K.L.:
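The following block contains the structure, expressed as structure tokens.
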Amino acid sequence: MISQACLEHVQRTDLTLVLYDVTTLYFEVQKEDEYRKPGMSKERRLEPQIIMGLLVDRNGFPLELHSFEGNKAETKTILPVMEAFQSLHGLNKITVVADAAMLSAANLEALTKAGYTYIVGSRLQKVPYDIAEFQKSGELSDQQVITMQQDGYRVIYQYRTKRAALDLRNIEKQVAKAKKAVSGQTPSNKTKFLSVKASSKQLNQKLIDKAKALAGIKGYVTNLVDIPDMEVIAYYHQLFHVEATFRMAKSDLRARPIYHQNRNAIEAHLTLVLAALAISKNIEQQTGLSIKQFVKLVRPLRSGIVKFNGKDILAEPEVPETAAIMLKKLSSGH
């Protein structure tokens, strides 16, 4: 079984933290069915799609790949995946890390009841009270952390100067776009910071001020008790491993099952995708090359059989020194 082989590769005794995220795969079909349905597309497509949930270890090595109906809410995928993973492998005391899309009161309560600890991102709709109180007397400093204890979980807020600068630049771009919409230079649809009434358009200054007050602040929610705030934040930012694995699946491995027409065939295809991801991540970890770079390096290598005077002679490939070093690393690594 592919998932069992993946688990054995990462050594189950060290598997206390896993990362989870979802993406979408669309299909160029005219009609939806019970599996492929239109929904919230991460690829900004209108066609029927499926949801793909990926579980990886803290280094980005794939462990489980699950699929769901295309219109299923992301928040309703994490618990089934975790329960299937724990049941299949008999694991206990697992901490799952997920982004803000998985944050809902029902999700956090269900994860806690099922015995999981979690770290999830928090979407800030307003300036938290403790931060607002602090800002009355002074400015936040780089990497400053403010923690709020809630019933059964902890909310950690961190301010980063670099993130604030990026947020403020993006706000200014959005404000400039809104001003153009007000003056009639551009269409007003999907324009942030814009209030549209029947007879007029104007900037929403209240929304702009709120966005600026939140610039540089990110929230994290966890029910872990004995882990320091900065360690929780570091764990959360390992989610980039899942994003990188998704990019590999969609681009380098061309994971989208174009020709499959029923759920069994699609899920069989995704099983092959999981195996290909595992092999690709192993190659990356052993050689230091991305799978794209590795394929480019070894693709020219060819061997063949040449007939000479009625005899078959094996023509060995000419292996460049760089390729030889990488292949040696790969063969000795596992």
Side-chain angles (χ1 to χ4, degrees), residues 1-6 18-56 60-85 88 96-104 107 120-121 123 189-190 239-284 290-292 294-296 299:
M1 193 173 188
I2 301 298
S3 58
Q4 183 63 38
C6 290
V18 294
L19 315 173
Y20 179 74
D21 203 358
V22 303
T23 192
T24 55
L25 294 175
Y26 73 91
F27 294 80
E28 294 177 354
V29 294
Q30 298 299 317
K31 294 182 179 180
E32 63 179 86
D33 53 34
E34 292 301 312
Y35 182 45
R36 299 174 294 178
K37 291 179 174 291
M40 293 292 292
S41 173
K42 292 182 178 290
E43 300 167 296
R44 299 182 180 180
R45 307 288 300 207
L46 300 176
E47 294 94 336
Q49 64 178 19
I50 60 171
I51 304 290
M52 187 168 74
L54 179 65
L55 204 63
V56 307
F61 195 87
L63 299 168
E64 290 271 349
L65 186 61
H66 290 256
S67 68
F68 301 90
E69 296 80 5
N71 62 351
K72 195 174 187 70
E74 290 183 21
T75 54
K76 294 183 178 180
T77 66
I78 184 170
L79 192 58
V81 170
M82 291 301 300
E83 287 177 337
F85 181 68
L88 180 64
V96 58
V97 182
D99 71 6
M102 303 298 153
L103 179 62
S104 72
N107 250 6
V120 295
R123 286 190 176 133
N189 57 316
K190 295 183 180 180
L239 274 175
F240 78 90
H241 285 307
V242 196
E243 296 166 5
T245 305
F246 271 142
R247 284 196 298 272
M248 177 193 293
K250 285 187 170 184
S251 57
D252 297 336
L253 301 181
R254 300 176 186 176
R256 189 161 60 89
I258 299 173
Y259 302 109
H260 303 295
Q261 298 300 315
N262 62 69
R263 184 163 190 161
N264 286 340
I266 292 168
E267 290 187 335
H269 172 85
L270 293 179
T271 300
L272 294 177
V273 170
L274 177 63
L277 279 173
I279 293 168
S280 299
K281 290 300 292 187
N282 186 48
I283 289 172
E284 282 192 355
S290 70
I291 188 61
K292 189 173 183 179
F294 184 79
V295 169
K296 185 178 179 180
R299 180 169 300 204

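Quick caveat, the model's predicted, so the values are computed rather than measured.
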K.L.:
What's the separation between atom CG in Leu277 and atom CG in Leu63, rounded to the nearest 0.5 Å?
P.N.:
11.0 Å
K.L.:
For a quick test of reading the model, state the closest non-hydrogen atom pair linking Ile50 to Leu270 and the distance between them.
P.N.:
CD1-CD1, 4.1 Å
K.L.:
Going by heavy atoms in the side chains, are Lys281 and Val56 under 4.5 Å from each other?
P.N.:
no
K.L.:
Working to the nearest 0.5 Å, report the span between CZ of Arg36 and CD of Glu69.
P.N.:
13.0 Å
K.L.:
Where do Val22 and Gly53 come nearest, in terms of heavy atoms and distance?
P.N.:
CG1-CA, 4.0 Å
K.L.:
Is the closest side-chain heavy-atom distance between Leu55 and His66 below 4.5 Å?
P.N.:
no
K.L.:
Any side-chain to backbone donor/acceptor pair from Thr23 onto Met52? Under 3.5 Å, distance only.
P.N.:
no
K.L.:
So does Gly60 get a backbone contact from the side chain of Thr245, meaning a donor-acceptor N/O pair under 3.5 Å?
P.N.:
yes
K.L.:
As an exercise, state the distance from OG1 of Thr24 to CD of Glu74, rounded to the nearest 0.5 Å.
P.N.:
8.5 Å
K.L.:
Indicate the atoms forming the closest heavy-atom contact of Leu25 with Glu43, along with that distance.
P.N.:
CA-OE1, 3.7 Å
K.L.:
Tell me the closest heavy-atom pair linking Ala98 and Ile78, and the distance in Å.
P.N.:
CB-CD1, 4.0 Å
K.L.:
Could I get the full list of side-chain contact (heavy atoms from CB on, under 4.5 Å) partners for Glu243, not counting sequence neighbours?
P.N.:
Asp21, Phe240, Arg247
K.L.:
Are Val242 and Tyr20 close enough that some pair of their side-chain heavy atoms sits under 4.5 Å apart?
P.N.:
no
K.L.:
So, for Ala278 and Phe61, which heavy atoms are closest and what is the spacing to 0.1 Å?
P.N.:
O-CE1, 3.4 Å
K.L.:
To the nearest 0.5 Å, what is the distance between CD1 on Ile2 and OG1 on Thr271?
P.N.:
7.5 Å
K.L.:
List the residues meeting side-chain hydrogen bond (donor to acceptor under 3.5 Å, both in side chains) with Glu267, not counting sequence neighbours, and say none if there are none.
P.N.:
Ser67, Arg263
K.L.:
Under 6.0 Å from the NZ atom of Lys76, do we count more than 12 heavy atoms belonging to anything else shown?
P.N.:
no
K.L.:
Look only at the side chain of Gln49 and the backbone of Gly70, and say whether a donor-acceptor pair between them is shorter than 3.5 Å.
P.N.:
yes
K.L.:
For the CG atom of Leu274 and the CD1 atom of Ile279, what is their distance to the nearest 0.5 Å?
P.N.:
10.0 Å
K.L.:
Do you know which two heavy atoms are closest between Leu54 and Pro62, and how far apart they sit?
P.N.:
CD1-CB, 4.3 Å
K.L.:
Indicate yes or no for a side-chain donor-acceptor contact from Asn71 to the backbone of Lys37 under 3.5 Å, with no hydrogens or angles considered.
P.N.:
no
